[in-house]
Protein chains: 2
Amino acid sequence: MTRNAEKELRAKDIRPSYQRKRILEYLWETKSHPTADDIYQKLHPEIPTLSRTTVYNTLRLFEKHNIIQSVVIESNEMRFDGDVSTHGHFKCLDCQKVLDIPVKDKFKFDLKDSIVMETHIYFRGICPACRKERI
Amino acid sequence: MTRNAEKELRAKDIRPSYQRKRILEYLWETKSHPTADDIYQKLHPEIPTLSRTTVYNTLRLFEKHNIIQSVVIESNEMRFDGDVSTHGHFKCLDCQKVLDIPVKDKFKFDLKDSIVMETHIYFRGICPACRKERI
DNA sequence: CCTTTTTTTGTATTCATTACAATTTTGTAT
DNA sequence: ATACAAAATTGTAATGAATACAAAAAAAGG
Ligand SMILES: [Mn+2]
Ligand SMILES: [Mn+2]
Ligand SMILES: [Zn+2]
Ligand SMILES: [Zn+2]
């Protein structure tokens with residue numbers, strides 16, 4: 001099942017420009033949780049006129065429409081995720097990668113008097129690959 | 001039970017200067033999860049010579065020694081917490097306050113191949129007080 | 001005292017993000 | 001196709017939290 005960026009953008013009343021389509025497609029195909037600049041660096045060769053501002057604008061637009069979500073772990077880098085389902089993240093302090101962590105939704109918090117709009121769970125530590133390398 | 005900042009700093013081999021003591025005491029007595037600048041604004045009248053740099057330096061030093069923890073919810077504001085126990089946070093999108101949320105540690109994630117050093121859980125939404133005001 | 005080490009301070013710098021205005025592209029009607 | 005209006009993109013300037021740096025002040029140990 002391969003998703004259609006153009007259709008999904010139209011469904012949200014967002015004009016499917018080439019830049020927007022490629023940014024969305026890239027977020028769908030990567031699991032690296034890239035920063036805005038990562039996305040710019042990746043797409044710039046393919047779209048030579050691409051501007052960083054467009055990347056930032058597009059990401060903000062997509063997030064507002066719940067097409068993507070931002071992942072904030074370090075205060076100096078906002079990462080983006082094409083998977084908007086509630087799931088956790090693991091940031092490796094060694095290789096700096098951010099990995100997905102499945103979250104069992106059994107886990108319920110007692111926030112009865114609040115309105116919860118977003119749930120964020122993340123861990124920091126050493127990922128399996130880096131742990132092995134340490135022997 | 002009122003904690004002694006001077007003693008606890010000495011125990012970690014950190015010289016208990018007046019600035020350091022007051023920053024730590026303030027983080028213990030407030031539950032607001034202040035930013036570095038909040039702390040500066042609060043203590044500046046009492047310590048007229050206080051520098052923002054000292055606040056930043058001190059917070060970084062304290063975090064490295066696990067005396068405090070930083071709470072990152074928005075990518076443009078690092079907040080600080082004198083409570084280093086694992087607990088969740090709730091950021092109200094209305095009044096902008098960050099509240100503590102008790103986290104039952106029954107909740108276990110299957111991260112068997114990783115080394116987990118930090119666990120962070122936070123929510124975004126509308127806090128009980130703001131919800132009431134909305135009638 | 002004097003000397004060395006540590007801490008604090010003010011200023012300069014960095015860098016991710018946002019603001020803004022000009023240019024380009026797209027959509028629609030003539 | 002052409003003309004015009006609306007929307008998207010772009011480059012540059014501005015913002016602001018955090019850090020780097022070096023000088024000044026304070027503390028420690030004789
Ligand atoms: Mn993810
Ligand atoms: Mn807290
Ligand atoms: Zn790793
Ligand atoms: Zn509120």
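As a basis for the values below, the full set of heavy atoms in this structure was taken, side chains included, without hydrogen atoms, waters or symmetry mates. Reminder, nothing fancy here: chain letters follow the sequence lines and each chain counts from 1.
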How would you label the contact of B/Thr49 with the nucleic acid (heavy atoms, under 4.0 Å): base, sugar-phosphate, or nothing? sugar-phosphate

Answer with base, sugar-phosphate or nothing: what part of the nucleic acid does B/Asn57 contact at a heavy-atom distance below 4.0 Å? base

Identify the nucleotide, in any strand shown, that forms a Watson-Crick or G-U wobble pair with C/dA29, with both distances under 3.5 Å; if there is none, say none. D/dT2

d(CG, A/Leu61; P, D/dT10) in whole Å: 15 Å

Does the plane of the ring in B/His33 sit parallel, tilted or perpendicular to the ring in B/His87? Use 30° and 60° as the thresholds. tilted

Please check if the side chain of A/Lys12 supplies one atom and the backbone of A/His65 the other of a donor-acceptor pair under 3.5 Å. yes

Can you find a side chain N or O atom of B/Gln19 that sits less than 4.0 Å from OP1 or OP2 on C/dT9? yes

Using a 4.0 Å heavy-atom cut-off across all strands, classify B/Ser17 as base, sugar-phosphate, or nothing. sugar-phosphate

Test item: B/Gln19 and B/Leu50 side chains (from C-beta on) under 4.5 Å apart, heavy atoms: yes

OP1, OP2 of D/dA20 versus side-chain N and O of B/Arg60: anything below 4.0 Å? yes

Taking for each residue the nucleotide of DNA chain D with the nearest heavy atom, is it A/Ile47 or B/Arg79 whose nucleotide lies nearer the 5' end? A/Ile47

Sidechain-backbone polar pair: A/Arg20 side chain, A/Phe62 backbone, donor-acceptor under 3.5 Å: no

Return no unless some side-chain N or O of B/Tyr56 is found under 4.0 Å from OP1 or OP2 of D/dA18. yes

Just the rounded figure in Å: distance from C1' of C/dT7 to CZ of B/Phe62. 12 Å

Side chain to side chain contact (heavy atoms under 4.5 Å, CB included) between B/Ile39 and B/Thr30, worked out: CA-CA 10 Å; B/Ile39 296 168; B/Thr30 189; over 6 Å; no

Mate of C/dC1 across any strand shown (Watson-Crick or G-U wobble, both atom pairs under 3.5 Å) is D/dG30

Note: for B/Asn76 and B/Arg15 on DNA chain D, the residue whose nearest nucleotide lies more 5' is B/Asn76

Below 4.0 angstrom from OP1 or OP2 of C/dT7, is there any side-chain N or O of B/Arg20? yes

Answer with base, sugar-phosphate or nothing: what part of the nucleic acid does A/Arg52 contact at a heavy-atom distance below 4.0 Å? nothing

Could you give the OH-to-C1' distance, from A/Tyr40 to D/dT10, as a whole number of Å? 10 Å

Does a distance-only test, which skips hydrogens and angles, find a donor-acceptor pair under 3.5 Å between the side chain of A/Thr53 and the base of D/dT12? yes

